[in-house]
Amino acid sequence: MKRLILLNGPNLNMLGKREPETYGRKTLKDVVRLVKDTAWEKGYEVEDYQSNHEGDLVDRIQMAEDNAAGILFNPAAYTHTSIALRDAISSINIPVIEVHISNVHQRETFRHHSMLAPVCAGQIVGFGIDGYRLATLGMIEKIENEGRK
Ligand code: DHK
């Protein structure tokens, strides 16, 4: 079975409790369930990982290349700062889709810029946790279409 990696960055372990007016009331467990169910219906399994530490996320991106077809990634605050994560994404040859729960473009200006978007295959922003489902479907379409080329 083909595999996707679901990566979540800092503070996303707090989903459900954290600023619910911005991030909603669903938990990280709900996100993982949503992605796993969506992927499973299309014949993919999902390995999930959350970390508050930049280097751990770099390690997981590097590891993914050998055992997954793509990465669904909410880098959270590291989106706006991390050259290390950008370089890690550039160094692998599987697609990465950047996901944000909130519409970062309607928020503070420091959230408008992504260090990572230029090296990602795509970005989904502002659909709440449903963005993870949309990213899963988009990723699978992409993998399947590229396989057919
Ligand atoms: C999550 C975070 O933790 C923020 O640092 C980002 C993102 C936005 C989200 O909307 O999922 O700026």
Side-chain angles (χ1 to χ4, degrees), residues 2-42 44-65 67-143:
K2 286 190 192 167
R3 180 180 302 149
L4 301 177
I5 307 293
L6 170 63
L7 279 186
N8 280 289
N11 300 305
L12 293 169
N13 55 314
M14 300 291 284
L15 278 181
K17 290 191 272 198
R18 171 195 187 202
E19 300 173 79
E21 61 293 349
T22 302
Y23 298 106
R25 299 232 171 246
K26 299 274 172 133
T27 64
L28 183 59
K29 213 172 151 189
D30 295 326
V31 168
V32 171
R33 189 73 274 146
L34 176 64
V35 171
K36 287 194 172 178
D37 287 349
T38 305
W40 189 260
E41 280 180 23
K42 300 276 178 190
Y44 282 71
E45 63 180 7
V46 176
E47 185 182 303
D48 71 285
Y49 183 73
Q50 187 276 331
S51 178
N52 294 324
H53 305 280
E54 191 176 17
D56 287 347
L57 295 164
V58 169
D59 288 345
R60 289 292 170 145
I61 291 167
Q62 291 177 0
M63 281 158 59
E65 190 174 24
N67 66 9
I71 304 177
L72 310 164
F73 189 19
N74 186 342
Y78 289 136
T79 307
H80 318 296
T81 60
S82 181
I83 297 171
L85 287 172
R86 181 187 174 123
D87 288 349
I89 293 168
S90 293
S91 76
I92 59 169
N93 60 13
I94 58 171
V96 178
I97 296 182
E98 185 183 312
V99 181
H100 297 292
I101 296 165
S102 64
N103 184 347
V104 284
H105 301 291
Q106 290 177 339
R107 300 180 63 194
E108 304 94 323
T109 48
F110 65 82
R111 295 186 205 275
H112 297 181
H113 182 253
S114 169
M115 297 293 284
L116 312 183
V119 296
C120 286
Q123 191 190 43
I124 293 187
V125 164
F127 289 91
I129 78 156
D130 198 45
Y132 287 91
R133 185 184 64 83
L134 299 171
T136 307
L137 293 173
M139 176 64 87
I140 292 171
E141 281 276 316
K142 186 172 180 54
I143 293 164

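Computation of the quantities below employed the complete heavy-atom set of this structure, encompassing side-chain atoms and omitting hydrogens, waters and symmetry-equivalent molecules. One is the number of the first residue; the rest follow in order along the sequence. For ligands, and for the atoms within them, numbers begin at 1 and follow the listed sequence.
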Novice: Are the charged groups of Lys36 and Glu41 less than 4.0 angstrom apart, N to O?
Specialist: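 Looking at Lys36 and Glu41, the cut-off is not met.
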Novice: Measuring only between side-chain heavy atoms, which start at C-beta, is Leu15 closer than 4.5 Å to Ile101?
Specialist: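 Yes. Closest side-chain heavy atoms under 4.5 Å.
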Novice: For Leu134, which of Ile124, Thr38, Ile97, Val99 qualifies under side chain to side chain contact (heavy atoms under 4.5 Å, CB included)?
Specialist: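 It is Ile124, the one option of Ile124, Thr38, Ile97, Val99 that forms the side chain to side chain contact (heavy atoms under 4.5 Å, CB included) with Leu134.
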Novice: Name the residues in contact with ligand 1, where contact means a heavy atom under 4.0 Å away: which are they?
Specialist: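 The 4.0 Å shell around ligand 1 contains Arg18, Tyr23, Asn74, Ala76, Ala77, His80, His100, Ile101, Ser102, Val104, Arg107, Arg111.
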Novice: With salt bridge (Lys or Arg N to Asp or Glu O under 4.0 Å) as the rule and sequence neighbours excluded, what pairs involving residues 6-27 come up?
Specialist: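 Listed once each, the pairs would be none.
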Novice: Do Gln50 and Asn52 get their side chains close enough for a donor-acceptor pair, meaning under 3.5 Å?
Specialist: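 There is such a pair between these side chains.
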Novice: Taking C-beta and beyond as the side chain, do Tyr44 and Ile140 meet within less than 4.5 Å on heavy atoms?
Specialist: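 Yes, close enough: below the 4.5 Å cut-off.
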